[in-house]
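This chain uses plain numbering: 1 for the first residue, then up along the sequence. Whatever order the structure lists ligands and atoms in, that order sets their numbers, starting from 1.
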Amino acid sequence: MTRVAVFPGSFDPMTNAHLDVARRASGLFDRLIIGVLNNPRKAPLFSIDERVALIERSVADLGEHVTVDAFDGLTVEFARRHGAGFIVRGLRAVSDFEAELQMALTNRKLAPEVDTTFLMTALEFGYVSSSLTKEVARFGGDIRPMVPAPVAEALAARVAADPRV
Ligand code: PNS
């Protein structure tokens, strides 16, 4: 039996917490598709193509069974399109739990055949979030411990080009 999972998120941008979850999931599933949500209601710092490309560079060493794809609409439809029986989400702290439980139960109602699995982020990345990383970058702080190297480069370049980002 082939176990296929999607790992959906905004990934604006991918952090080391996301990468840690992707790495753990890549060892558990035969195929892992990292799904980047193209949400027209949000104004992301990085375009959908930029986010996909940054993730592709960041997960290059995880193996060919890990791929990246953009999506819009429902996560469960994205999972179905890829023939995935699992959604992977990371939990950093108890504070993540409530929203994640609500999403998992909503997704189960929409697609009972797709199960959400949670992976605990490594303790060292438990504090890392995309939004705080962008704030630290904006004010000139060192973001290298928080994000994969390609993301750190891209964020630094973006802030250098426009410090108001
Ligand atoms: O990285 P994020 O922002 O925490 O990811 C949230 C995401 C993309 C997983 C969630 O917003 C999502 O699944 N959006 C797609 C729309 C959807 O399926 N909504 C209903 C179930 S929550």
Side-chain angles (χ1 to χ4, degrees), residues 3-26 28-29 31-59 62 66-138 143 146-148 150-152 154-155 158 165:
R3 292 192 181 274
V4 183
V6 294
F7 175 21
S10 306
F11 300 110
D12 185 39
M14 176 175 247
T15 65
N16 281 336
H18 294 130
L19 182 57
D20 178 59
V21 170
R23 177 165 286 121
R24 289 165 198 281
S26 75
L28 291 173
F29 296 100
R31 283 204 296 126
L32 177 71
I33 304 104
I34 302 175
V36 188
L37 180 67
N38 190 11
N39 186 348
R41 291 195 305 179
K42 276 194 187 170
L45 178 61
F46 292 102
S47 72
I48 189 74
D49 291 343
E50 287 171 325
R51 282 178 279 154
V52 167
L54 285 172
I55 298 170
E56 280 173 344
R57 289 173 62 198
S58 304
V59 302
L62 297 188
V66 179
T67 54
V68 189
D69 194 9
F71 77 102
D72 45 30
L74 290 175
T75 288
V76 290
E77 294 303 336
F78 177 68
R80 281 174 172 155
R81 271 203 302 284
H82 282 280
F86 301 92
I87 294 170
V88 171
R89 294 285 289 172
L91 286 176
R92 290 165 301 187
V94 177
S95 51
D96 284 339
F97 180 79
E98 209 168 336
E100 293 297 334
L101 176 67
Q102 200 174 18
M103 278 200 271
L105 294 180
T106 304
N107 285 331
R108 177 176 292 163
K109 188 56 92 181
L110 293 169
E113 79 281 13
V114 180
D115 245 315
T116 301
T117 56
F118 293 103
L119 293 174
M120 303 302 156
T121 309
L123 199 56
E124 60 188 300
F125 302 126
Y127 70 96
V128 177
S129 75
S130 296
S131 49
L132 279 185
T133 302
K134 286 183 279 193
E135 186 168 304
V136 172
R138 209 171 284 137
I143 50 165
M146 302 169 200
V147 290
V151 175
L155 256 178
R158 189 58 55 93
V165 295

Which of the atoms in ligand 1, numbered in the order shown and given with their element, are less than 4.0 Å from a heavy-atom of Gly73?
-> 15 (C), 16 (C)
Would you mind checking which non-hydrogen protein atom is closest to atom 21 (C) of ligand 1, with the distance to 0.1 Å?
-> Asn107 OD1, 3.2 Å
With atom 20 (C) of ligand 1 as the reference point, say which of Leu37, Leu74, Thr75 has the nearest heavy atom.
-> Leu74
Arg51 side chain to Phe46 main-chain N or O, any donor-acceptor pair under 3.5 Å?
-> yes
Contact (N/O only, under 3.5 Å) between Ser10 and ligand 1 | yes
Specify the protein heavy atom at minimum distance from atom 22 (S) of ligand 1: its residue, its atom name, and the distance to 0.1 Å.
-> Met103 CG, 3.3 Å
Any donor-acceptor N/O pair, Arg158 side chain to Leu45 backbone, under 3.5 Å = yes
Would you say Arg23's side chain and Val59's backbone share a donor-acceptor pair under 3.5 angstrom?
-> no
If only atom types and distance count, is the side chain of Asp69 paired as donor or acceptor with the main-chain N or O of Gly35 below 3.5 Å?
-> no
Out of Lys42, Glu77, Arg89, His18, whose heavy atom is nearest to atom 6 (C) of ligand 1?
-> Arg89
Using 30° and 60° as the class limits, which term best fits the ring planes of Phe71 and Phe78: parallel, tilted or perpendicular?
-> parallel
